[in-house]
Amino acid sequence: MAENKPFKWEEMTAGAVVEHAKKDDIAILPLGAIEQHGPHCPNGDDSYNAIRMAELISRKTGVMILPCPMYGSHPYHHWKMPANIPLSYETHIALVTDIVRGAAVTGYNKFILLSAHGQVSSTIVAVHKLGLEGYFTLSLHWYDFLRDNKDVLDDWMWHADEAETSVALYLFPEFVDMSKATKGGGEALIDRKFIIAPGAPAKPGMMYHFEGTFARPEYKDPGLKTGVIGDATKATVEKGEKIVTRLVDHVADLIEDIRSRYKPGEKPPVM
Ligand SMILES: [Zn+2]
């Protein structure tokens, strides 16, 4: 792990943030959610994932981290699950657009939205609204950005499962109780062969996992009593470290590409 301190907006002074933006105008916005994560992981799991991944990226690259709003919007099938507090889609879109507009006033011109929660369908709307206003914004979801971790994990990324719990064990073990980790369920309304699982490579004849209402409402799904989809018992800290290190390296690579093309203060020609 890198030694440098992460640049965290909420812990810095106004003057320090303005000076930082003059030298480096790339900012990461960690996006998570408040959502149940089974009997073994905390309700802030996705937000802690996004925050701590962003910290490692900032340590490695020196980019600014914008404060994580903690709450997120949720796909339709998460609503009514106990402990979930979903923002409406319009609220999430407005939140993201307002944060980017506000940070731009301070001098930031390139934004990376780092998601650790299944709300990409509304985050992408924010990206396009901001594009119409001339903002350069990239949206990536950590597990979709990694695409394929089958060399480390037995399964794709589901929910509070092997993947997510491994990452939690690496990034915030203080909130994880592996003695309560279980195997979960979850049903699809059509054959899974038509659905690209989170993090899975796409093949012909498949839809991305946000391109349909493929799931039963979680609170009515008999296989989802524990709130886990996948197998959390397979999680280990070693698997989490491998995945997170991979993610940090890919995002650092993306940041290097942006830096090589646009100097600090220079806006990519979105408009
Ligand atoms: Zn999660």
Side-chain angles (χ1 to χ4, degrees), residues 29-56 68-87 92 113-123 139-147 149 152-178 180-186 196-200 208-210 214-215 217-219 221 223-237 239-241 243-244 246-247:
L29 175 59
L31 291 171
I34 298 300
E35 180 190 8
Q36 69 78 22
H37 273 75
H40 64 298
C41 281
N43 298 322
D45 194 286
D46 292 344
S47 294
Y48 284 120
N49 262 341
I51 291 166
R52 300 214 171 156
M53 285 173 178
E55 286 175 6
L56 293 176
C68 174
M70 294 297 281
Y71 294 95
S73 69
H74 288 243
Y76 75 97
H77 58 290
H78 289 187
W79 290 63
K80 298 189 188 171
M81 271 299 260
N84 291 6
I85 307 180
L87 299 182
H92 175 72
L113 311 179
L114 175 63
S115 286
H117 172 66
Q119 62 197 347
V120 179
S121 48
S122 45
T123 309
S139 163
L140 57 97
H141 196 298
W142 72 264
Y143 54 73
D144 281 326
F145 197 54
L146 288 173
R147 287 294 162 204
N149 289 294
V152 179
L153 304 170
D154 290 346
D155 202 353
W156 305 119
M157 148 93 200
W158 300 106
H159 177 70
D161 59 339
E162 181 194 16
E164 230 176 15
T165 306
S166 294
V167 169
L169 283 171
Y170 180 55
L171 295 177
F172 45 93
E174 65 273 32
F175 301 140
V176 183
D177 181 354
M178 281 303 283
K180 298 205 170 86
T182 62
K183 231 179 166 161
I196 306 163
Y208 181 57
H209 58 96
F210 286 119
F214 305 126
E218 289 184 342
Y219 79 104
D221 191 331
L224 253 165
K225 290 257 185 299
T226 63
V228 173
I229 307 172
D231 189 351
T233 65
K234 290 185 174 170
T236 68
V237 65
K239 291 177 184 176
E241 179 171 10
I243 296 171
V244 171
R246 213 171 264 187
L247 187 270

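Keep in mind that this is a model prediction, so the values were computed, not measured. Just follow the structure's listing: the first ligand is 1, and inside any ligand the first atom is 1.
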Looking just at side-chain N and O atoms, do His117 and Asn49 make a donor-acceptor pair shorter than 3.5 Å?
no
Compute whether any side-chain donor of one residue and acceptor of the other, for Ser73 and Ser122, lie under 3.5 angstrom apart.
yes
Which heavy atom of His37 sits nearest a heavy atom of Asn43, and at what distance?
N-OD1, 4.3 Å
With a cut-off of 2.8 Å, does any N, O or S atom of His37 fall short of it relative to the Zn ion (ligand 1)?
yes
Below 2.8 Å, can you find an N, O or S atom of Asp46 next to the Zn ion (ligand 1)?
yes
The Zn ion (ligand 1) reached by Glu164 (N, O or S, under 2.8 Å)
yes
Sole candidate of Asp177, Thr165, Thr226 that passes side chain to side chain donor-acceptor pair (under 3.5 Å) when paired with His40:
Thr165
